[in-house]
Amino acid sequence: RRQRQMCIRDRPCEPPAAPIPDEQARDVVRTALLQLAANYQTVLSLHYLESLTVDAIATALGCRVGTVKSRLSRARTALREQLRRMRWRP
């Protein structure tokens, strides 16, 4: 679907901002990821880059499933905060 442009009276409409190219987004996320603690980097990489399940990550790391879930949750929050500090918006 097309996005509608909202125009304010007496002001020209501006085109929507161009989407960030995938390569640029990957670079920004990779940079932010490298700023995180090692255990957060590990679980995020295994889950999102290696496509491992939470159970598989728990087995690989020798910890409980609950530990992996909590690390993933904290890691997502930390990554989100790091991206905010970098002033990046998807």
Side-chain angles (χ1 to χ4, degrees):
R1 292 184 179 178
R2 287 187 192 176
Q3 287 184 329
R4 292 186 181 181
Q5 292 181 5
M6 302 272 306
C7 298
I8 299 173
R9 188 179 292 169
D10 299 327
R11 291 189 187 169
C13 292
E14 295 181 25
I20 296 175
D22 288 347
E23 185 175 328
Q24 184 181 1
R26 276 192 298 268
D27 289 343
V28 170
V29 172
R30 188 176 301 119
T31 299
L33 183 65
L34 291 173
Q35 301 299 317
L36 301 180
N39 60 337
Y40 291 168
Q41 289 180 35
T42 301
V43 293
L44 287 172
S45 297
L46 290 174
H47 190 65
Y48 292 105
L49 302 178
E50 302 296 327
S51 301
L52 292 181
T53 64
V54 171
D55 291 331
I57 295 170
T59 301
L61 298 179
C63 59
R64 295 178 182 205
V65 170
T67 302
V68 174
K69 287 180 180 180
S70 64
R71 282 184 190 169
L72 270 173
S73 177
R74 290 185 196 127
R76 287 183 198 113
T77 301
L79 181 61
R80 199 175 303 117
E81 183 58 35
Q82 182 61 33
L83 289 168
R84 241 184 241 127
R85 277 190 230 116
M86 294 170 66
R87 299 176 195 265
W88 184 75
R89 306 236 186 230

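Reckoned from all heavy atoms, side chains included, excluding hydrogens, waters and symmetry mates.
- Arg64 meets the salt bridge (Lys or Arg N to Asp or Glu O under 4.0 Å) test with no other residue; sequence neighbours excluded.
- Between atom CZ of residue Arg84 and atom CZ of residue Arg80 there is a gap of 7.0 Å, rounded to the nearest 0.5 Å.
- Annotation for Arg74: atom CZ does not count as buried by contact number, only 12 or fewer foreign heavy atoms lying within 6.0 Å.
- At least one side-chain heavy atom of Gln41 sits less than 4.5 Å from a side-chain heavy atom of Leu34.
- The OH atom of Tyr40 sits 14.5 Å away from atom OG of Ser45, with the distance rounded to the nearest 0.5 Å.
- Looking only at distances, no side-chain donor or acceptor of Ser51 sits under 3.5 Å from a matching main-chain atom of His47.
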Quick one, Val43 with Leu61, criterion side chain to side chain contact (heavy atoms under 4.5 Å, CB included). Give me CA distance, side-chain angles, the key distance, then yes/no.
CA-CA 9 Å; Val43 293; Leu61 298 179; 4.0 Å; yes
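- The nearest pair of heavy atoms linking Thr67 to Ser70 is O-OG, 3.0 Å.
- The CD atom of Glu50 sits 11.0 Å away from atom OG1 of Thr42, with the distance rounded to the nearest 0.5 Å.
- Closest approach of Cys63 to Val68, counting heavy atoms only: SG-CG2, 3.7 Å.
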How far apart are the C-alpha atoms of Leu44 and Arg71, what are their side-chain angles, what is the distance that settles it, and do they pass the side chain to side chain contact (heavy atoms under 4.5 Å, CB included) test?
CA-CA 9 Å; Leu44 287 172; Arg71 282 184 190 169; over 6 Å; no
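- A donor-acceptor pair is defined here as one N or O able to donate and one able to accept, closer than 3.5 Å; no such pair exists between the side chain of Gln82 and the backbone of Ala32.
- A distance of 9.5 Å separates OH of Tyr48 from CG of Leu79, quoted to the nearest 0.5 Å.
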